[in-house]
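In what follows, chains are A, B, ... by sequence order, proteins preceding strands, each numbered from 1.
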There are 2 protein chains.
Amino acid sequence: MSPPSGSPIATRACTVARHMAGSPVPCSTCAARQFSICAPVPESELTEFFAMSARIRVEARRHLFNEGDPAQHVFNITAGTVCLSKALADGRRQITGFLSEGDFIGLAHGDSCAYGAEALTPVEACRFPRERFEQYMAKHPDVERRLLQIASTELAAAQDQMLLLGRKTASERLASFLLRLSDRAVARGEPANLVALPMTRSEIGDYLGLTLETVSRTMTQLRKAGAIDLDNVNMVRIVSQDSLRRLAGTV
Amino acid sequence: MSPPSGSPIATRACTVARHMAGSPVPCSTCAARQFSICAPVPESELTEFFAMSARIRVEARRHLFNEGDPAQHVFNITAGTVCLSKALADGRRQITGFLSEGDFIGLAHGDSCAYGAEALTPVEACRFPRERFEQYMAKHPDVERRLLQIASTELAAAQDQMLLLGRKTASERLASFLLRLSDRAVARGEPANLVALPMTRSEIGDYLGLTLETVSRTMTQLRKAGAIDLDNVNMVRIVSQDSLRRLAGTV
DNA sequence: ATGACGCTTTGACATGAATCATGGCGCCGA
DNA sequence: TCGGCGCCATGATTCATGTCAAAGCGTCAT
């Protein structure tokens with residue numbers, strides 16, 4: 001299934017699918033659209049909007065781009081999970097967000113990417129040339145307004161995360177994290193008490209400012225406290241939303 | 001000078017100055033304007049723009065608004081320093097930013113304020129009713145674009161801060177902090193090596209995810225390492241930008 | 001079926017920063 | 001000029017989390 005690793009010729013980090021001219025624009029049936037930057041694009045404009053972008057597929061563990069790369073594209077994720085991260089010279093890294101279906105990537109860049117983006121699972125996305133996307137926005141204030149709204153929401157989330165990283169204990173961090181994932185699941189019409197973890201303990205650690213060992217121990221702690229159960233390592237069942245909320249402090 | 005504290009009637013957290021009709025709009029001579037949200041407002045519109053806002057003065061230690069208040073206004077700071085913060089139920093708090101001349105307050109709010117804002121020094125600001133400001137933006141995409149740019153910059157800064165809070169040591173945090181203040185001073189045409197600290201050690205701690213004691217000790221450490229000198233508790237002289245950068249890791 | 005590999009869990013120990021406690025310094029008002 | 005108060009510096013000690021190490025478990029390719 002996966003290509004022979006290490007061969008730069010045979011390996012494709014990202015494949016581009018072409019759209020058949022004449023067939024209806026896939027946007028009209030895109031499940032991610034309602035959550036996405038493209039939500040305010042009217043039906044009449046969809047063809048033009050769609051034509052700006054390429055559909056890409058990225059394998060798990062591949063990077064969409066690296067921190068410091070020239071910022072050439074913006075993305076709208078239609079399937080899979082991506083993490084954004086920043087690193088220090090010695091390898092310590094901070095994951096600044098886990099993104100999935102409907103999420104936009106491309107805010108906060110200047111000329112170069114302020115963070116790297118890596119697929120944690122196989123990912124599908126719409127990729128837009130940054131410049132064309134900006135030109136489109138300049139002509140369509142609705143979309144620009146939507147992006148401002150997205151940026152504003154991101155900023156609020158970033159501030160919550162600062163509170164978490166600066167002032168919360170390990171169990172508060174993990175409890176907050178699980179509750180956020182749960183809220184997110186609810187927003188997508190999934191059950192609140194069953195939380196999938198597409199990322200490893202190490203990645204959770206890099207997001208919460210902890211080590212993977214502390215994440216693991218804390219997970220056990222929450223389990224022993226009766227707040228959660230582990231169906232398997234990647235599937236958390238929230239047993240008591242209340243105790244989890246109490247443990248989390250807030251958010 | 002300061003009003004008798006504790007009396008809700010005699011005390012004014014914020015005073016509103018009225019503008020004389022007919023006199024030229026103060027915006028044209030406002031030193032903060034070039035850095036501000038109002039930079040793209042054309043001369044011809046300044047009167048209208050100005051008329052939307054009230055000039056306010058806030059004493060040191062007073063709050064512009066509290067976390068959870070209904071979000072009624074947005075602000076543009078014209079003088080002084082403000083800190084934004086979020087708190088946990090038990091009083092732990094995280095300062096998410098120090099703002100000054102030219103900075104905009106009002107991003108990231110929903111119906112209620114996502115954070116509190118407190119004046120660290122006497123502050124002057126332009127205060128706009130949130131709704132009117134949004135209406136103005138809807139009619140003036142330039143201003144909306146500028147706000148998106150501001151939000152984007154804020155987001156990048158927030159991500160830097162997440163890296164700092166999640167992964168940096170105490171001395172890396174403090175070194176990064178001092179370098180940022182220095183960069184900021186440079187952007188305003190002030191000398192790079194002389195950094196004013198309008199906030200207390202405790203506030204620095206609440207910003208860097210440390211205690212005031214650790215901030216104090218670390219300041220001593222940086223001094224003994226020959227990276228900085230303290231003219232007095234509120235004035236840091238950067239002796240060696242290089243060693244400070246080495247200590248900081250990045251940013 | 002089996003072995004290998006990657007991820008997770010758990011244990012033992014180390015350590016950076018927090019906490020608790022004390023004294024010093026500087027500023028402001030009487 | 002003096003006293004008081006808030007902020008800061010520093011020391012002693014504790015503690016949460018990091019680090020190092022080893023073993024368990026699941027998955028996947030052979």
Inset, instruction - Go through C:dA17, D:dA12, C:dT9 for me and flag the one nearest to the B:R217 side chain. - result: D:dA12
Legend entry - Nearest-angstrom distance from the residue atom CG of B:L210 to C1' of D:dA16: 15 Å
Inset, instruction - Would you mind classifying the nucleic acid contact of B:S216 as base, sugar-phosphate or nothing, using non-hydrogen atoms under 4.0 angstrom? - result: base
Legend entry - Terminal helix-axis angle for the helix from C:dA1-D:dT30 to C:dA30-D:dT1, with five pairs defining each axis and rounding to 10 degrees: 40°
Inset, instruction - On DNA chain C, check which nucleotide each of B:V215 and A:T214 is closest to and give me the residue with the more 5' one. - result: A:T214
Legend entry - Sub-4.0 Å heavy-atom contacts from residues 221-228 of chain A onto DNA chain D, ordered by number: none
Inset, instruction - Select one nucleotide: of D:dC8, C:dT8, D:dT17, the one nearest the side-chain heavy atoms of A:T200. - result: C:dT8
Legend entry - B:L212 CG to D:dC7 C1', straight-line distance once rounded to whole Å: 9 Å
Legend entry - Contact nearer the 5' end of DNA chain D, comparing B:R61 with B:T220: B:R61
Inset, instruction - Round to a whole Å and report the spacing from CG of A:L230 to C1' of C:dC7. - result: 14 Å
Inset, instruction - Please evaluate the base of D:dC8 for a donor-acceptor partner in the side chain of B:E213 within a cut-off of under 3.5 Å? - result: no
Inset, instruction - Looking at every strand, decide which applies to B:G209 at a 4.0 Å heavy-atom threshold: base, sugar-phosphate, or nothing. - result: sugar-phosphate
Compile the donor-acceptor pairs under 3.5 Å between side chains in residues 218-226 of chain B and protein atoms, sequence neighbours left out, one pair per line.
| residue | atom | partner | partner atom | Å |
| --- | --- | --- | --- | --- |
| B:T218 | OG1 | B:T214 | O | 2.6 |
| B:T220 | OG1 | B:S216 | O | 3.1 |

